Novice: 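Attaching a single structure in structure tokens format; questions to follow.
None of the values given here were measured: they were computed from a predicted structure. Each ligand, and each atom within it, is numbered from 1 in the order the structure gives.
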Amino acid sequence: MNTPLISLKGIRRAYRAGDEEIEALKGVDLEIQEGEMVAIIGSSGSGKSTLMNILGCLDQATAGEYRIAGRAVSSLDSDELAAMRREHFGFIFQRYHLLPELNAVGNVEIPAIYAGMASASRRERAAALLARLGMAERTSHRPGQLSGGQQQRVSIARALMNGANVILADEPTGALDSHSGDDVLEILEELNAEGHTVILVTHDPKVASRAARVIEIADGEITADTVTRSLDRKADGQAEATARKRSPFRIGAALSEAFQMALVAMWAHKLRSFLTMLGIIIGIASVVSVVAIGQGSQAKVLENISSLGTNTLEIFAGKSFGDVRAGKITTLTVNDANALSGQPYAAAVTPTVSKSSTVRYGSTESNALVNGVGAQYFTAKALELSDGSLFGASAVRARSQDVVIDSNTSDTLFPDGEDPIGKVILVGNVPARVIGVVATRQTGFGSSGNLALYMPYTAVQTRFLGETTLRSVILQVDDSYEMDDAENAVTALLTQRHGTKDFYILNTDDIRETITSTASTLALLITAIAVISLVVGGIGVMNIMLVSVSERVSEIGVRMAVGARRSDILLQFLIEATIVCLIGGFLGIAAALGFGTLLTTLSSGFSVLYSPGSIIAAVVCSTLIGLTFGYLPARSASKLDPVTALSGE
Ligand code: ADP
Ligand code: MG
């Protein structure tokens, strides 16, 4: 006799239940030939399902030897076992075990997905199988829309999808009325006639009598083995063998399958998917908007600094900012300014004095800050002339009462659009002629809203102050000199002139640097907060994925029963986690953009600056979070035992 298709020798299967061991199978010897139709009959709890699971490579015996076509099953690894289930066996369960979110065709084609069949031919074959089983009209119905008998037909079609030379049916009629049960048995008989080996488990003698060979099992042991009809062997009775190997070219296709499966699963659990995403959405949205606000404010501050003038040193009397005795120090004079202007590093030098005063034109009166400055002031501060002209060195020498006003002042004193040039205004009691209008200085450090006038410092000294002390000297450093070198040179020169260091220097570069470094410290802080919130989001994803895995054990069981490898399951859950996080990431970015728009329209005080970098980083982050935090749940799903998973419902 040739090698039996299935051969069991001394198969035992013990279950551990607490301290006790239950032997469900106590040494089963059995041989089944290719093309047979065998019924295994026994009362409930006799070990039929246990035997069936071992036959179908869903479960392993604790002792004994199981050979399929001469090949020892105990020597196979988990991928090879999956291949056995996929290519040789077709399972039919009492409770159908269909996936509720897929329609009939979708359910039937699952085994072929794992076998790597192309999607068009797969769909065609699934539809053909369903049509053959009288389900042509029901291909796009979901299990919930089908009767029990129809669902069982779908599950038979699924069992046949990859060829299945052995069909294993565990109580296939158990949940059906007698009419649908008869239909299912007829189908099984037909399949057997076509050459499929059929092994059928039942507790019903009437069902068993349909088979040519009936094996009785009681208490884990075979008690009878009756052949009622001899096997009329078909010449070449082998059912179509369709051992499809997955070639490397199909890895991309497999990924896209896994991607689609993940989308279906997510769509089937919309609320849960959304809640999973929520953590990521909030995390990404806050990161992107906080970064945008941070960068926006930094840009704004830097813009304000540049309004202080570029490359300028401002020398004040006193030891430091806010020195109370500064007012009494009278050593900073025009001579210092003149000495400085002779230095090679000085591109422009101007003394400054200032005085608050009223300013009046006609019946309009307001407060203003009168800046007494030199002719080079406008260059050093990069003030833009918008109308008229500026005063020159000769006007300064002549102490002329010419005044340049800023546009704020112009708007205040000449509200009706009158041309201010040439008009005489009253500054305090001093009449002054408006010769030019300059742009209002950017709102920097508290200078906003104040009216600013610019007059020759000589005029301000004599007409308003009555003294020759300066408020400060502003020095613009030539581009070819380092700011720090210039600052040191100025310090040396003035210390020598005064005999002591009774002044201090404000370096705009220093301010810029301080603010930039403060900003980067802030950015670091924000990044830390961002990382924390993303990790929290990721843990949320992991949590819900873990719950989802335990909710979906029976789905995982079905997939494994029809031949999914552990890596397929791993990939599916990993992809699901990644998609959830990616979609969450995109929603988060959208939320951040919306939030930014809202913020800028509601309040002009904010400026948001979205950098493409931060958005790309957000997308990459959410992908990584999906992969990282999805791995644990995905792995625990892939490590599930097929039998445990199947009985998990
Ligand atoms: P049948 O399918 O014939 O009704 P089973 O094969 O399901 O019987 O079970 C045979 C015996 O093994 C029963 O006593 C059952 O309680 C026990 N059994 C089955 N599965 C498990 C399990 N996972 N853990 C512990 N005992 C089990
Ligand atoms: Mg059973």
Novice: Are any of the protein's heavy atoms under 4.0 angstrom from atom 16 (O) of ligand 1, yes or no?
Specialist: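 There is no protein heavy atom less than 4.0 Å from atom 16 (O) of ligand 1.
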Novice: Could you tell me whether Glu21 atom CD has more than 12 heavy atoms of other residues or ligands within 6.0 Å of it?
Specialist: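 Result for CD/Glu21: enclosed.
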Novice: Tell me whether Arg566 contacts the main-chain N or O of Leu640 through its side chain, where contact means a donor paired with an acceptor under 3.5 Å.
Specialist: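 Yes, the answer is positive, given that a donor and an acceptor are paired below the 3.5 Å cut-off.
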Novice: Is it the case that ligand 1 has an N or O less than 3.5 angstrom from some N or O of Ile22?
Specialist: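 No - when backbone and side-chain N and O of Ile22 are compared with those of ligand 1, no distance drops under 3.5 Å.
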Novice: Who's the nearest protein heavy-atom neighbour of atom 25 (C) of ligand 1, and how far?
Specialist: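 In this structure, atom 25 (C) of ligand 1 has Tyr15 CB, 3.3 Å as its nearest protein heavy atom.
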Novice: Of all the non-hydrogen atoms in the protein, which one sits nearest to atom 1 (P) of ligand 1, and at what distance?
Specialist: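 Heavy-atom neighbour on the protein nearest atom 1 (P) of ligand 1: Gly45 N, 3.5 Å.
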Novice: Which of parallel (below 30°), tilted (30 to 60°) and perpendicular (above 60°) describes Phe93 and His97?
Specialist: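 Rings of Phe93 and His97: perpendicular, as their planes differ by over 60°.
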Novice: May I ask whether Ser44 has any heavy atom positioned less than 4.0 angstrom from an atom of ligand 1?
Specialist: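 A heavy atom of Ser44 does come that close to ligand 1.
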Novice: Mind checking whether the Mg ion (ligand 2) has an N, O or S of Ser49 under 2.8 Å?
Specialist: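 It does; at least one qualifying atom falls short of 2.8 Å.
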Novice: Evaluate Glu124 against Ser121 for side chain to side chain donor-acceptor pair (under 3.5 Å), listing each step before the verdict.
Specialist: CA-CA 5 Å; Glu124 203 175 294; Ser121 44; over 6 Å; no
Novice: Counting from 1, what ligand 1 atoms have a heavy atom of Ala24 closer than 4.0 Å?
Specialist: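 Taking each heavy atom of Ala24 in turn, ligand 1 has 10 (C), 11 (C), 12 (O) under 4.0 Å.
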Novice: With distance as the sole test, does Lys26 use its side chain to make a donor-acceptor pair with the main-chain N or O of Asp219 at under 3.5 Å?
Specialist: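 Such a contact is found between Lys26 side chain and Asp219 backbone.
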Novice: When you measure from the side chain of Asp59 to the backbone N and O of Asn53, does any donor-acceptor pair fall under 3.5 Å?
Specialist: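 Here the side-chain-to-backbone pair does not exist.
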Novice: Can you see whether Glu551 engages Ser548 through a side-chain donor-acceptor pair at a distance of less than 3.5 angstrom?
Specialist: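 Result is no, nothing qualifies.
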Novice: Return the minimal non-hydrogen interatomic distance between Ser638 and Leu570, and the atom names on each side.
Specialist: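 For Ser638 and Leu570, the tightest heavy-atom pair comes out as CB-N, 3.9 Å.
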Novice: Output yes when the distance from some N or O of ligand 1 to some N or O of Arg16 is under 3.5 Å, and no in every other case.
Specialist: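 No - when backbone and side-chain N and O of Arg16 are compared with those of ligand 1, no distance drops under 3.5 Å.
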Novice: Any N or O of Gly47 that comes nearer than 3.5 Å to an N or O of ligand 1?
Specialist: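 Checking ligand 1 against Gly47, an N or O pair does fall under 3.5 Å apart.
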Novice: Quick test: of every protein heavy atom, which one is nearest to atom 9 (O) of ligand 1, and how far off is it to 0.1 Å?
Specialist: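 So the nearest neighbour among protein heavy atoms is Thr50 OG1, 3.7 Å.
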Novice: If you have a sec, work out which protein heavy atom is nearest atom 2 (O) of ligand 1 and how many Å separate them, to one decimal?
Specialist: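 Here the closest protein heavy atom is Ser49 OG, 2.7 Å.
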